[in-house]
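Scroll down for the structure; my scribbles are underneath it.
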Amino acid sequence: MHIIALTILRYESTLKIQGYRLWTIKSLCPREEREKSKVPGFKYEVCIGLTSARAAEILARDGPNALTPPKSTPEIIKFLKQMVGGFSILLWVGALLCWIAFGIQVAQGVASAFDNLYLGVVLALVVILTGIFAYYQEAKSTNIMASFSKMIPQQALVIRDGEKREVSAEQLVVGDMVEIKGGDRIPADIRLIFAQGCKVDNSSLTGESEPQSRSCDFTHENPLETKNIAFYSTTCLEGTATGMVINTGDQTIIGRIASLASGVGNEKTPIAIEIEHFVHIVAGVAVSIGVLFFIIAVSMKYKVLDSIIFLIGIIVANVPEGLLATVTVSLSLTAKRMAKKNCLVKNLEAVETLGSTSIICSDKTGTLTQNRMTVAHLWFDDQIYSADTSEEQTTQSFDQSSQSWAALSKVVTLCNRAEFKPGQENVPIMKRVVVGDASETALLKFAEVILGDVMGIRKRNRKLAEIPFNSTNKFQLSIHETEDPNDKRFLMVMKGAPERILERCSTIMINGEEQPLDRERAEAFQTAYMELGGLGERVLGFCHLYLPEDEFPDTYPFDTDSMNFPTSNLCFVGLLSMIDPPRSTVPDAVSKCRSAGIKVIMVTGDHPITAKAIAKSVGIISANSETVEDIAKRLNVPVEQVNKEDARAAVINGMELKDMTTEQLDEILINHSEIVFARTSPQQKLIIVEGCQRQDAVVAVTGDGVNDSPALKKADIGIAMGIAGSDAAKNAADMILLDDNFASIVTGVEEGRLIFDNLKKTIAYTLTKNIAELCPFLIYIIASVPLPIGTITILFIDLGTDIIPSVALAYEKAESDIMNRRPRHKKKDRLVNEQLAVYSYLQIGIIQSIGAFLAYFTVYAEQGWLPNTLLGLRVNWEDDYYNDIEDSYGQEWTRYQRTYLQWTGYTAFFVSITIQQVADLIIRKTRRNSIFQQGLLRNKVIWVGIVSQIAIALILSYGLGSVTALNFTPLRVQYWFVAMPYAILIWVYDEIRKLFIRQYPGSWWDKNMYY
Amino acid sequence: MARGKAKEGDGNWKKFIWNSEKKEFLGRTGGSWFKILLFYLIFYGCLAGIFIGTIQVMLLTISEFEPKYQDRVAPPGLTVIPRVLKTEISFSIADAKSYQEYVAGLNKFLKDYDPDQQTSDMVFDNCAEKPEDYMNRGEFSNVQGQKKVCRFKRDWLENCSGILDPSYGYKDGKPCVVIKLNRVLGFKPKPPLNDSLPPEMMGKYNPYVLPVHCFAKKEEDVDKIGTIEYYGMAGYAGFPLQYYPYYGKLLQPKYLQPLLAVQFTNLTYDTEVRVECKVYGENIGYSDKDRFQGRFEVKFDIKSS
């Protein structure tokens, strides 16, 4: 049993910072839970941990040790929201009016009253079904997330009732004694009371990527800084520790950050705003035309009830019932496409947000870089060589003929404790798993690439003694036999901080020859060291010494504690510098962002020099840009005298940021186009994001740590890393990068922009036919002709023939290089702008209407009712007891014969709209280019849409023509072609429009006709 | 913050309607409005032209003498005069006002059948006064000018002609209705085969007459319906074939369709009696959906006091 002496009670100070509850050990370990130490001669009491009963009590009081998931809206509320959102309200009103009309008509004994009941039911069904559909879509995308938040149940080793037992981490309570060891995830916030070589990785919490050592020492007032607290959800890298649980669940630091994140309001996504804007426009048009014609109808002496029925028709005709579902489908199609490109979108609307992004605040490590140290430069023979740092390196191409390199490579190979995990012979070197720290891993892989079989070399040069790296020595050393059987000397190899290594050297190897290390040589070393350091690289020095055979015979007992061998007057061999190199795809992606008008800001916890070096190498700071400091250095003037506007680039230190006012930060964000924030704390990320948003930018933020989650939430689109990201970050984000690669964001941006353009096309397509559906009602009211198209028929267009084609537009390829234009302005570049609405409604829509009216008049004329007889006919036409109305030829028609003709008219009108929508679909493929430039056949889905459209129309007319309730009739074949000339007119007119737009950019035509 | 924004929004809204700085009304200057309105004037002018043009082209393909298709107008409907709301003839014998509407309807309809309307020999043909076969009058065109039509004498309707009894029997509680077959261009109704008729009609069979028969719609009304008198040409309860085919409004503007008057002489009063009249023919159809095709229904509700 582990005995924890109560000596620790001397760290009694209770820390109270920002309400974080820190228990005193004394209060956690009450008298009844202590007992006299059984160890002889040990006079203190020991804490034996909680009893099970007490633990259960506390568990009941505090609740389980788990983060409460972010408050999610109850499913039923979500569902109801879908039922009343968008156009639903308008349709509900329509349905209600229908039922009122039905009630009145039933009371009056009107024979056709049930039509209104059915219509009301259909409208309600439409709302409910589209609501269910939208809800299902949302639920589906939320489910993607559910898999992430599902955590493997964690076990913790806890001391209860005086004995160690494994319990689920959720069962932990304040006061529990837990033991942790290397590799464990810390199960709660723990105050350490015993620690041995314990190191934790706090990166997910604080962003510090270096392992942090943990001890029992209380070192700081701030719980985040003090060494004796280990935090929930961080990992213990090595060592062991015992501690007392001081906070569980939501009370932990992580829990508090998580709740902070959920406190940051979720802003409406740009596309949601756009769609709302669009809904407002359409609803506004619907309501105002509806009310206007209601008044007109009433003042034309129509009965109020009839006027209400007209109002319903106008609403139904005006509302694109299927559009919101179409938008959802288009977005989810894009989301699927993006998922294939490693962007997993949690929130469908985020698909488009990415497209309108104007600033990306990117992490460095892992996102821009490969997140592994790699040898970047070498210095030997007084010369700097560069090494290949790409992901897939198989060879190195620098000059390897020098004897110095041979010596250096030997040091690199031997003075290294890292090893490949066995059984990876077939894995590419760069992908093999290594046991060892980052630098050693880099060196091992580097050596393996060039020399091959490092393990074999090490075996042949048997290691006799070794001093591992520690922070006081700042070097690592080992002594080996040589592989040359004739050479009985021992080889001592050493690596470490270059200046420390140099101190120990008296000679330096140049071209394989040992030469005295004179001033000149030392200066050359300094220059090289500075240069490599200036590149932001971690530099290591290497030296060796062949121990003379006579002093160190075969049997010499090397003792690393007493260091019974020389550690000075060594021979300096060379320098190697390492960096976490940028991913090879990143520079290209950054330049794409730049040409797409997106500002990339690097936000990193790293050192400014490293950050700047990486920023330069990936192009975040372009080659010829200078910071204020660079200019000052070049002109040799103090920094203050430099005109800040001359500097395009800026590297801001976290410390500087801390002292900045909002205005100063704004100034920096406005004045500099290339910005790097270095040494920033994760909390500062939030400040930077807010600063960017003040510039009206749509900000994308990448992050992986728990502490990033407020920034991710705050951002217009938060992007979490799929591999390195913590669950909290993934929860807060809108999108997850499955490969942690910055370049994937850029493909996401492209998709987002494309879907915005394509949604424009979809909406333009959908709105057009609304006029063709609305005009019949207006003409019906004003000219009193038999009704050209019924409300049910309209629904069959909106929810039948038009659905697949409008989704098909989502598959349209971009017209031009969408990555060569600026991101859209949130407030100026609307999804539905005036031009789009006007062109669709007042031009194409009108052409379509008259095309359909031609079909309507043709049907009536050919059946005996010439256009002039139709005018003013409505009242008699609809009289149920007038069964001998004369047509133009003197023939007499019964009511039902007229009704059937009316349905034929509906069908012809419907078919004509469908045929013209085919033309509309084709013209909507492009907004500027000719259809022939875009390729008529390139988007196959469009053709699927066209075929489906016609097939549905055929089925409705010929298949369901006998179902009375649907008001369709089997149409004579030639009526399908009546509107064809108008379909062609639509196409030709739109080609002319596009031609003028291309020919005269900036002209009156371009301004008014381009949407 | 929000309020400030709202105010700003209001300002923008007003500014949008009339921006005095730029002299813009609804976001456009006068010149801009002129241009856009001119554009739409031309645009809609062209569209109107195209529309009228296409309508004219369509009308060119249609003959003015006969409709291109008669998909639905045949088989014809059977109509009752007077035209009554909800097919209910309801009146009180004592109250002349209560049946005035029906009498007026009949008067108005039968006006065209007055002898003084049928004087011109240029228009009217001297058809036989007994049922005969169809009278074909050539092509549906005006090459031979207008076509003649057969006379139909109002007095053939006897008691229901309105000549003897201007109230058409209503004042005696013996209401008349006049039945006509809806006009359909070129339609030649075919009398039924002898054996397909209900037995009670067999007696008056004539191969040139399209017979009509009225009966109680419901079984329980059979006793209430009483005697039914039919007045038609030569005493036949039906439509003689020489009036067919009809050549249309342009070629036969004065066309008189054959009529059949039906008088219910012994209806039970103070109760609803439902009567259905049906015309029989090989090419006459009936439909559940169209209750006026080849038949009609009338509900009598005569109050004795």
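- In the model, Ser957(A) has no side-chain atom that pairs as donor or acceptor with a side-chain atom of Thr907(A) under 3.5 Å.
- Heavy-atom distances place both the backbone and the side chain of Gln843(A) under 4.5 Å from chain B.
- Taking the ring centre of Tyr839(A) as origin, the terminal cationic atom of Arg993(A) falls inside the region bounded by 6.0 Å and 45° from the ring axis.
- Salt bridge absent: Arg898(A) and Glu892(A) never bring a charged side-chain N and a carboxylate O closer than 4.0 Å.
- Here the two rings, on Tyr255(B) and Tyr246(B), have centers that are under 6.0 Å apart.
- A donor-acceptor pair is defined here as one N or O able to donate and one able to accept, closer than 3.5 Å; such a pair exists between the side chain of Gln835(A) and the backbone of Lys1007(A).
- When the heavy atoms of residues 181-189 of chain B are compared with those of chain A, the residues falling under 4.5 Å are Leu181(B), Asn182(B), Arg183(B), Val184(B), Leu185(B), listed by number.
- For Phe910(A) and Trp976(A), the ring centers are positioned 6.0 Å apart or more.
- Donor-acceptor pairing under 3.5 Å is lacking for the side chains of Glu139(B) and Gln144(B).
- Taking the six-membered ring where the residue is Trp, the centroids of Tyr856(A) and Phe853(A) are separated by under 6.0 Å.
- A cation-pi geometry, defined here as NZ or CZ lying under 6.0 Å from the six-membered ring centre and within 45° of its normal, holds between Lys278(B) and Tyr286(B).
- For Lys180(B), the part lying near chain A is the side chain, with the backbone staying farther off; criterion is any non-hydrogen pair under 4.5 Å.
- There is no contact between Val80(B) and chain A, counting heavy-atom distances below 4.5 Å.
- Residue Val978(A) does not touch chain B at all, counting heavy-atom pairs closer than 4.5 Å.
- Remark: aromatic rings of Tyr44(B) and Phe51(B) are distant, center separation not under 6.0 Å.
- With a threshold of 4.5 angstrom between heavy atoms, Asp887(A) approaches chain B through N, CA, C or O but not through any side-chain atom.
- Formation of a donor-acceptor pair under 3.5 Å by the Lys994(A) side chain with backbone atoms of Ile923(A) is found in this model.
- Looking only at atom types and distance, the side chain of Gln146(B) has no donor-acceptor partner in the side chain of Tyr247(B) under 3.5 Å away.
- Using a 4.5 Å cut-off between heavy atoms, Arg972(A) contacts chain B through its side chain alone, with no backbone atom that close.
- Interface residue Tyr889(A): backbone and side-chain heavy atoms are both found under 4.5 Å from chain B.
- Salt-bridge check for Arg83(B) with Asp879(A): passed, with a basic side-chain N closer than 4.0 Å to an acidic carboxylate O.
- Scanning residues 103-113 of chain B against chain A with a 4.5 Å heavy-atom cutoff picks out nothing at all.
- The backbone N or O of Lys714(A) lies less than 3.5 Å from a partner atom in the side chain of Gln693(A), making a donor-acceptor pair.
- Looking at Asn883(A), both its backbone and its side chain come within 4.5 Å of chain B, counting heavy atoms on both sides.
- Interface remark: Trp865(A) contributes no atoms to any contact with chain B (heavy atom separation under 4.5 Å).
- The part of Thr61(B) that comes within reach of chain A is its side chain, from C-beta onward, which places non-hydrogen atoms under 4.5 angstrom from that chain.
- Both the backbone and the side chain of Leu842(A) come within contact range of chain B, with heavy atoms under 4.5 Å apart.
- Judged by a 6.0 Å distance limit and a 45° cone about the ring axis, Arg895(A) is not positioned over the six-membered ring of Tyr882(A).
- Using a 3.5 Å distance cut-off with no hydrogens or angles, the side chains of Trp1005(A) and Gln999(A) do not pair a donor with an acceptor.
- Only the side chain of Pro867(A) has a heavy atom closer than 4.5 Å to any heavy atom of chain B.
- Contact count versus chain B (heavy atoms, under 4.5 Å) is highest, among Leu901(A), Asn1008(A), Leu866(A), for Asn1008(A).
- In this structure, the portion of Tyr982(A) lying under 4.5 Å from any heavy atom of chain B is its side chain and not its backbone.
- Proximity to chain B (any heavy atom under 4.5 Å) is shown, for Thr899(A), by neither the backbone nor the side chain.
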